[in-house]
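Everything below concerns the one structure shown next.
Remember, it's a predicted structure, so these values are computed and weren't measured experimentally.
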Amino acid sequence: MKKFYLGLAVVATLFAACNDDDNTNGGGEPTAENELIGEIKNDSILDASVEYILKGTLRISDGGKLTIPAGTTIKAEPSFYSYIMVEQGGKIFINGTAAEPVTLTSNAANPKAADWGGLHINGYAPISGVTEGTTNRAEVDANVIYGGTDANDNSGSITYMKLMYTGARSSADVEHNGLTLNGVGNGTTIENIYIPYGADDAVEWFGGTVDIKNLLVVNQDDDMFDVTEGWSGTLENAYGIWTKGFHSTEADPRGIEADGNMDGNGPDHVGQSDFVMKNVTIINNSETERFSNTPDGAKGLRELVKIRRGAKATLENILLKNGDCDVLIDFQDGRGDGLASSSITYTVEDVTFDDATYGEDGVRMPVEGDATVTESDSNAGCPNPQELFEWTGFTEWN
């Protein structure tokens with residue numbers, strides 16, 4: 001195993017030269033010892049004492065392993081092409097600790113949402129499709145394949161990671177999230193994650209079976225937690241918050257958005273999303289009016305929970321708190337409703353919504369039968385969030 005105390009630039013076998021001077025395709029070679037770009041094909045370890053600059057796309061290809069030790073910081077040059085892509089068969093090990101988390105952030109002087117692309121992981125786990133074993137191509141790079149039949153696939157482990165100012169886009173249909181999980185298997189460990197100040201979604205599961213535990217999302221421009229294409233894992237202990245003064249620029253910002261299949265285009269596909277989220281808090285302290293009452297460019301929340309397009313959701317111990325939205329929980333969609341076999345137990349505190357349209361409970365059921373949706377006074381959501389996420393340094397809880 002190679003350990004790069006002087007950075008990765010000097011290791012010719014580690015990077016693929018692309019001879020592209022303007023780096024518009026994310027290729028090229030590093031020009032300094034702390035610059036990251038190109039392809040990792042072997043076992044490689046970064047050096048926590050070096051502050052790395054991500055100069056374009058860094059790929060961990062089949063058979064490659066990248067280890068990022070506790071305390072490492074990587075700053076990405078603002079660009080759509082600045083992102084880390086773990087391909088099928090590649091592995092990433094982000095070994096942060098509470099005392100020394102790993103930080104992936106923007107290198108801009110004044111960082112903001114959508115500065116760079118974030119982290120993409122592609123595995124061999126199942127996704128929804130015409131048949132079992134379906135594969136698909138990654139949204140930001142059609143050369144990258146994901147999906148398959150190995151529910152236990154292992155793409156590495158991520159612990160105590162800060163993933164900041166992500167979500168760059170090239171168009172409305174081609175955009176990054178913070179953490180993009182494409183067909184990632186449940187042999188992969190993802191725990192203690194902080195994703196603040198990003199564009200598009202904080203986490204999006206494109207199928208797969210991977211679980212996430214202990215997730216804090218702050219001021220995400222679109223969805224806090226987004227599911228599509230057959231995800232069947234579990235999210236446990238999650239806290240999503242909009243802080244005072246925040247608003248969205250997106251067309252449909254939500255707390256949870258869950259599709260059974262990709263964009264509603266596969267209502268008859270096998271392997272639709274059937275997932276669990278438990279101990280989840282969604283807080284809106286922004287003081288922005290609900291989505292339908294706010295102008296373009298300064299949107300409030302549309303729905304707190306949207307289950308649609310063939311998804312089956314089991315949501316346990318959900319707390320929805322503060323602010324304004326159009327509807328609390330919505331199962332209906334023009335491309336297919338969420339399944340009536342879904343189950344949600346929730347508590348709502350100090351949330352206003354369009355009760356004239358959605359009734360006193362703010363829940364719009366599937367057209368074909370009612371889901372099991374139970375309102376209670378006893379759901380506390382994410383347990384002890386200020387203690388659980390103290391390592392992030394976030395303080396705007398109220």
Identified side chain to side chain contact (heavy atoms under 4.5 Å, CB included) partner of Ile282 from the options Ile241, Leu328, Val217, Leu304
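With Ile282 as partner, side chain to side chain contact (heavy atoms under 4.5 Å, CB included) holds for just one option, Leu304.
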With Met161, which of Thr103, Leu119, Ile195 fulfils side chain to side chain contact (heavy atoms under 4.5 Å, CB included)?
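Checked Thr103, Leu119, Ile195 against Met161; only one passes side chain to side chain contact (heavy atoms under 4.5 Å, CB included): Leu119.
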Electrostatic pair [X]-[Y], nearest N-O below 4.0 angstrom:
X: Glu396; Y: Lys244; answer: no
X: Lys213; Y: Glu191; answer: no
X: Glu257; Y: Lys306; answer: no
X: Asp223; Y: Arg254; answer: no

Taking all non-hydrogen atoms of both residues into account, name the closest pair between [X] and [Y] and its distance.
X: Met277; Y: Trp205; value: CE-CZ3, 4.3 Å
X: Asp115; Y: Pro111; value: OD2-CA, 3.3 Å
X: Asn379; Y: Leu319; value: O-CD1, 3.9 Å
X: Gly260; Y: Ser128; value: O-OG, 3.9 Å
X: Asn152; Y: Asn186; value: OD1-OD1, 3.0 Å
X: Gly208; Y: Ala125; value: CA-CB, 3.8 Å

Same cluster for [X] and [Y] if Ile/Leu/Val/Met/Phe/Trp/Tyr side chains link at under 4.5 Å?
X: Phe206; Y: Val86; answer: no
X: Trp397; Y: Tyr194; answer: yes
X: Ile190; Y: Tyr124; answer: no
X: Ile329; Y: Phe225; answer: yes
X: Val373; Y: Val280; answer: yes

For the ring pair Trp116 and Tyr165, is the centre-to-centre distance below 6.0 Å?
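Centroid distance Trp116-Tyr165: not below 6.0 Å, so no.
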Working note: Arg59 + Asp141, criterion salt bridge (charged side-chain N to carboxylate O under 4.0 Å, His left out); need CA distance, chi angles, decisive distance, verdict.
CA-CA 11 Å; Arg59 300 179 183 278; Asp141 185 346; 2.6 Å; yes
If you round to the nearest 0.5 Å, how far is CG of Asn237 from NZ of Lys278?
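Lys278 atom NZ to Asn237 atom CG measures 8.5 Å (nearest 0.5 Å).
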Check the orientation of His176 and Tyr83. Use parallel for under 30°, tilted for 30 to 60°, and perpendicular for over 60°.
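Ring orientation of His176 relative to Tyr83: tilted.
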Side chains of Asn214 and Asn192: donor-acceptor distance under 3.5 Å anywhere?
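Checked: Asn214/Asn192 side chains pair up, N/O donor to acceptor below 3.5 Å.
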Pair Asn122, Glu87: side-chain N/O donor-acceptor within cut-off below 3.5 Å
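There is no such pair between these side chains.
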Go through Glu250 and Arg169 one step at a time and tell me if the salt bridge (charged side-chain N to carboxylate O under 4.0 Å, His left out) criterion holds.
CA-CA 12 Å; Glu250 287 282 350; Arg169 67 161 62 186; 3.1 Å; yes
Main-chain N/O of Val174 paired with Ser171 side-chain donor or acceptor, under 3.5 Å
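Present.
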Residues forming a ring pair (Phe, Tyr, Trp, His ring centres under 6.0 Å) with Phe331, sequence neighbours excluded
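Per chain and number, Phe331 pairs via ring pair (Phe, Tyr, Trp, His ring centres under 6.0 Å) with no residue.
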Candidates Arg335, Glu229, His269, Gln272 - the one meeting side chain to side chain donor-acceptor pair (under 3.5 Å) with Asn261:
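When side chain to side chain donor-acceptor pair (under 3.5 Å) is applied between Asn261 and each of Arg335, Glu229, His269, Gln272, only Gln272 qualifies.
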